[in-house]
Enquirer: 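Handing you a structure now.
Quantities reported herein were computed from a predicted structural model and do not represent experimental measurements.
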Amino acid sequence: MSYRFSLDDNIFLFADLSEQTYASLFDQPYLKFLRELHSEYGAKIQLNCYFETEGFCLRDMSGKYREEWEENADWLRLSFHARKDDPPNPYAEADYQELYQDCNMVQEEIRRFAGEKTLDLYTTLHYCQAAPEGVRALRDCGIKGLVGLFGTAEKPQSSYSLPEDVCRKIRETGRYYDPVQQMWFLNNDYVLNNFGRSELLNALEKQKDQEFFEVMIHEQYFYHFTGLYQADFCEKVRDMISWLVKKGHQAVFLDDLLE
């Protein structure tokens, strides 16, 4: 039994690392919390990253921590998410060139400031939507799998322009490999910022016999200044990982599971 934990929309930690004079990556508060999860529970953590936000882009990210990123790549990895937070659903109708360019920009910067070992080739695209040519662009950037939102049998949902028969398979089994697109598609089980603490644990208990969990939360709920701050951010993440570990689930990256 296993689980993968990721965080979407990451950009503020990089701006903070570049603006402050931290001696270590893990003096930065967000990364300090994530290392605590690794130390206490053996968590493996993936950060899906934006290229830019107002006043900052990844080209501004300091390379002084590269060695430390590489030393921790066995449990902490980075991947492409989107160019930026707005507009919503940016890739639903994007052509090949746009998505290839955005993904390649983020990947090049990750390689520069964090090293090849830190780059993960599975990810969640912002809003989980892309046309087939967009999925092809991601594959040509080396992406091997995409996590999406496929709903439930009662409330079905589609991601990445997949037809309903494929979405149904993903809802039923949690994953699907498309031999034509040469891409894995996986179902996201829990977006933690959508749950209160007691609600989350109750939901997990209803699926206690599930073999694999794909769970995530968004970076902006960690910070007061975003206007989206959730005071129980850290507690919800600890609750979830503690529950999974107690049930016997091991932390994995998707290449541990699928390759």
Enquirer: For a quick check under 3.5 Å, do N48 and T123 share a side-chain donor-acceptor pair by atom type?
Expert: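 Side-chain D/A pair, N48 to T123: present.
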
Enquirer: Quick check: are there more than 12 heavy atoms from other residues, nucleotides or ligands sitting under 6.0 Å from CD of E54?
Expert: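 Open: at most 12 neighbouring heavy atoms sit under 6.0 Å from CD of E54.
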
Enquirer: Once you round to the nearest 0.5 Å, how far does CG of N187 lie from CD of E214?
Expert: 8.5 Å

Enquirer: Around atom CD of E259, are there more than 12 heavy atoms from other residues, nucleotides or ligands closer than 6.0 Å?
Expert: yes

Enquirer: To the nearest 0.5 Å, tell me how far C57 SG sits from E109 CD.
Expert: 7.0 Å

Enquirer: Before you tell me yes or no, could you show the steps for R4 and V147 under side chain to side chain contact (heavy atoms under 4.5 Å, CB included), namely the whole-Å CA-CA distance, both residues' side-chain angles and the distance that decides it to 0.1 Å?
Expert: CA-CA 11 Å; R4 189 187 77 131; V147 176; 3.4 Å; yes

Enquirer: Please tell me whether L162 and M183 are part of a single hydrophobic cluster in this structure, the criterion being side-chain heavy atoms less than 4.5 Å apart.
Expert: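 In one cluster with L162: M183, yes.
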
Enquirer: Quick one: are M216 and N188 in side-chain contact, heavy atoms under 4.5 Å?
Expert: yes

Enquirer: Treat each ILVMFWY residue as a node, draw an edge where side-chain heavy atoms are under 4.5 Å apart, and state whether L99 and Y160 are in one component.
Expert: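 Yes; tracing contacts between hydrophobic side chains, which count when under 4.5 Å, links both residues.
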
Enquirer: Can you name the closest pair of heavy atoms from D8 and Q220 and give their distance?
Expert: O-OE1, 4.4 Å

Enquirer: Under 4.5 Å between side-chain heavy atoms, counting indirect links through other Ile/Leu/Val/Met/Phe/Trp/Tyr residues: same cluster for L119 and L146 or not?
Expert: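 Yes, one cluster joins them.
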
Enquirer: Under 3.5 Å, is there a donor-acceptor pair between the side chain of S6 and the main chain of L47?
Expert: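 Here the side-chain-to-backbone pair does not exist.
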
Enquirer: Using distance alone, with no hydrogens and no angle criterion, decide if E199 and N194 have a side-chain donor and acceptor under 3.5 Å apart.
Expert: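 Result is no, nothing qualifies.
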
Enquirer: Strictly distance-based, threshold 3.5 Å: is any side-chain N or O of D232 a donor or acceptor partner for the main-chain N or O of E235?
Expert: no

Enquirer: Quick check for you: to the nearest 0.5 Å, what is the distance between D140 atom CG and N104 atom CG?
Expert: 11.0 Å

Enquirer: For D74, is there an ion pair with K44 - N to carboxylate O distance below 4.0 angstrom?
Expert: no

Enquirer: So, for F5 and L7, which heavy atoms are closest and what is the spacing to 0.1 Å?
Expert: CE2-CD1, 3.7 Å

Enquirer: With a 4.0 Å cut-off on N to O distance, would you call K247 and E205 a salt bridge?
Expert: yes

Enquirer: Using atom types as modelled and distance alone, determine if a side-chain donor or acceptor of K236 lies under 3.5 Å from a backbone N or O of G196.
Expert: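 Pair absent, no side-chain N/O of K236 close to backbone of G196.
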
Enquirer: Between Y221 and L192, is the side chain to side chain contact (heavy atoms under 4.5 Å, CB included) condition met? List the steps.
Expert: CA-CA 10 Å; Y221 295 93; L192 302 188; over 6 Å; no

Enquirer: Taking atom types as modelled, find out whether D9 and H81 have a side-chain donor-acceptor pair closer than 3.5 angstrom.
Expert: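 Their side chains do contain a donor-acceptor pair, which is all the 3.5 Å distance test asks for.
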
Enquirer: Taking atom CE of M240 and atom CG of D189, what is their separation to the nearest 0.5 Å?
Expert: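 Answer rounded to 0.5 Å: 11.0 Å.
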
Enquirer: Provide the closest heavy-atom pair for E116 versus E70 in the form atom of the first, atom of the second, distance.
Expert: N-OE2, 4.4 Å

Enquirer: Do Y96 and V135 belong together in a cluster built from hydrophobic side chains that touch within less than 4.5 Å?
Expert: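 The answer is no; the residues belong to distinct hydrophobic clusters.
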
Enquirer: Going from SG on C234 to CG on L34, what distance comes out if it is rounded to the nearest 0.5 angstrom?
Expert: 8.5 Å

Enquirer: Checking Q28 against Y65: is there a side-chain donor and acceptor pair closer than 3.5 Å?
Expert: no

Enquirer: Quick check on the 6.0 Å ring-centre criterion: do F222 and F12 meet it?
Expert: no

Enquirer: When you measure from the side chain of H249 to the backbone of L244, do you find a donor-acceptor pair of N or O atoms at a distance under 3.5 Å?
Expert: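 Flag not set: sc H249 to bb L244 has no pair under 3.5 Å.
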
Enquirer: Where the side chain of N202 meets the backbone of S198, is there a donor-acceptor pair that is under 3.5 Å apart?
Expert: yes

Enquirer: Can you list, pair by pair, the side-chain donor-acceptor contacts under 3.5 Å of residues 85-94, counting residues two or more places apart and other chains?
Expert:
unit_1: D85; atom_1: OD1; unit_2: Y50; atom_2: OH; d: 2.5
unit_1: Y91; atom_1: OH; unit_2: R83; atom_2: N; d: 3.0
unit_1: Y91; atom_1: OH; unit_2: D102; atom_2: OD2; d: 2.8

Enquirer: Check step by step if side chain to side chain contact (heavy atoms under 4.5 Å, CB included) holds for D16 and Y30.
Expert: CA-CA 10 Å; D16 191 32; Y30 180 73; over 6 Å; no

Enquirer: Looking only at side chains, do N72 and W75 share a donor and an acceptor under 3.5 Å apart?
Expert: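 Yes, side-chain donor-acceptor contact under 3.5 Å.
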
Enquirer: Is the closest side-chain donor-acceptor distance between Q182 and K144 under 3.5 Å?
Expert: no

Enquirer: Please check this pair: side chain of S159 against backbone of L149, looking for a donor-acceptor N/O pair closer than 3.5 Å.
Expert: yes

Enquirer: Judged by modelled atom types alone, do Q129 and S161 share a side-chain donor-acceptor pair under 3.5 Å?
Expert: no

Enquirer: Show the nearest heavy-atom pair for residues C103 and C141, with the distance to one decimal.
Expert: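 Distance-wise, the nearest heavy atoms are SG-CB, 3.6 Å.
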
Enquirer: Treating D120 as the side-chain partner and L78 as the backbone partner, does any N or O pair qualify as donor plus acceptor under 3.5 Å?
Expert: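 Absent.
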
Enquirer: Kindly say whether the aromatic ring centers of F51 and F80 come within a distance under 6.0 Å.
Expert: no

Enquirer: Does any N or O in the side chain of S242 come within less than 3.5 Å of the main-chain N or O of D239, such that one atom is a donor and the other an acceptor?
Expert: no

Enquirer: If we ignore hydrogens and angles and just use 3.5 Å, is the side chain of Q20 paired with the main-chain N or O of Y22 as donor and acceptor?
Expert: no

Enquirer: Examine L254 and Y190 and state if one hydrophobic cluster contains both, with Ile, Leu, Val, Met, Phe, Trp and Tyr joined whenever side-chain heavy atoms are less than 4.5 Å apart.
Expert: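 Different hydrophobic clusters.
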
Enquirer: Just checking K64: does its NZ atom have more than 12 heavy atoms from other residues, nucleotides or ligands closer to it than 6.0 angstrom?
Expert: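 Yes - once you tally the heavy atoms of other residues, nucleotides and ligands closer than 6.0 Å, there are more than 12.
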
Enquirer: Would you check, one step at a time, whether the test side-chain hydrogen bond (donor to acceptor under 3.5 Å, both in side chains) holds for E68 with S24?
Expert: CA-CA 8 Å; E68 196 170 14; S24 164; 2.6 Å; yes

Enquirer: I'd like to check the side-chain contact (heavy atoms from CB on, under 4.5 Å) partners of V245; sequence neighbours left out, ordered by chain and number.
Expert: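 Listed in chain order: Y41, I241.
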
Enquirer: Between R136 and Y100, is NZ or CZ placed under 6.0 angstrom from the six-membered ring centre and within 45° of the ring axis?
Expert: no

Enquirer: Might you point out which heavy atoms bring F150 and C167 nearest each other, and give the distance in Å?
Expert: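 Closest approach of F150 to C167, heavy atoms only: CD2-SG, 3.8 Å.
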
Enquirer: Taking the side chain as C-beta and beyond, is there a heavy-atom pair between F14 and C49 under 4.5 Å?
Expert: yes

Enquirer: Rounded to the nearest 0.5 Å, how far apart are CG of L138 and CD1 of I143?
Expert: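 If we round to the nearest 0.5 Å, L138:CG and I143:CD1 are 6.0 Å apart.
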
Enquirer: Walk me through it: do E40 and R35 pass the test salt bridge (charged side-chain N to carboxylate O under 4.0 Å, His left out)?
Expert: CA-CA 8 Å; E40 294 171 22; R35 187 171 67 170; over 6 Å; no

Enquirer: Any salt bridge between D255 and R77, counting N to O under 4.0 Å?
Expert: yes

Enquirer: With distance as the sole test, does E219 use its side chain to make a donor-acceptor pair with the main-chain N or O of I11 at under 3.5 Å?
Expert: yes

Enquirer: Parallel, tilted or perpendicular: which fits the ring planes of F213 and W243, with parallel below 30° and perpendicular above 60°?
Expert: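 Perpendicular: the ring planes of F213 and W243 meet at over 60°.
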
Enquirer: Given L31 and F33, is the side chain to side chain contact (heavy atoms under 4.5 Å, CB included) satisfied, shown in steps?
Expert: CA-CA 5 Å; L31 292 176; F33 168 63; over 6 Å; no

Enquirer: Could you pull out the closest heavy-atom pair between R112 and G63, with the gap in Å?
Expert: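 Scanning both residues, the minimum pair turns out to be NH1-N, 4.2 Å.
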
Enquirer: Can E108 and R59 be counted as an ion pair, charged N to O under 4.0 angstrom?
Expert: no

Enquirer: Are the charged groups of R168 and E172 less than 4.0 angstrom apart, N to O?
Expert: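 The answer is no: the pair does not qualify as a salt bridge.
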
Enquirer: With a 4.5 Å heavy-atom cut-off, do L58 and V106 have their side chains touching?
Expert: yes

Enquirer: Taking atom CD of Q250 as the centre, does the number of heavy atoms from other residues, nucleotides or ligands within less than 6.0 Å exceed 12?
Expert: no

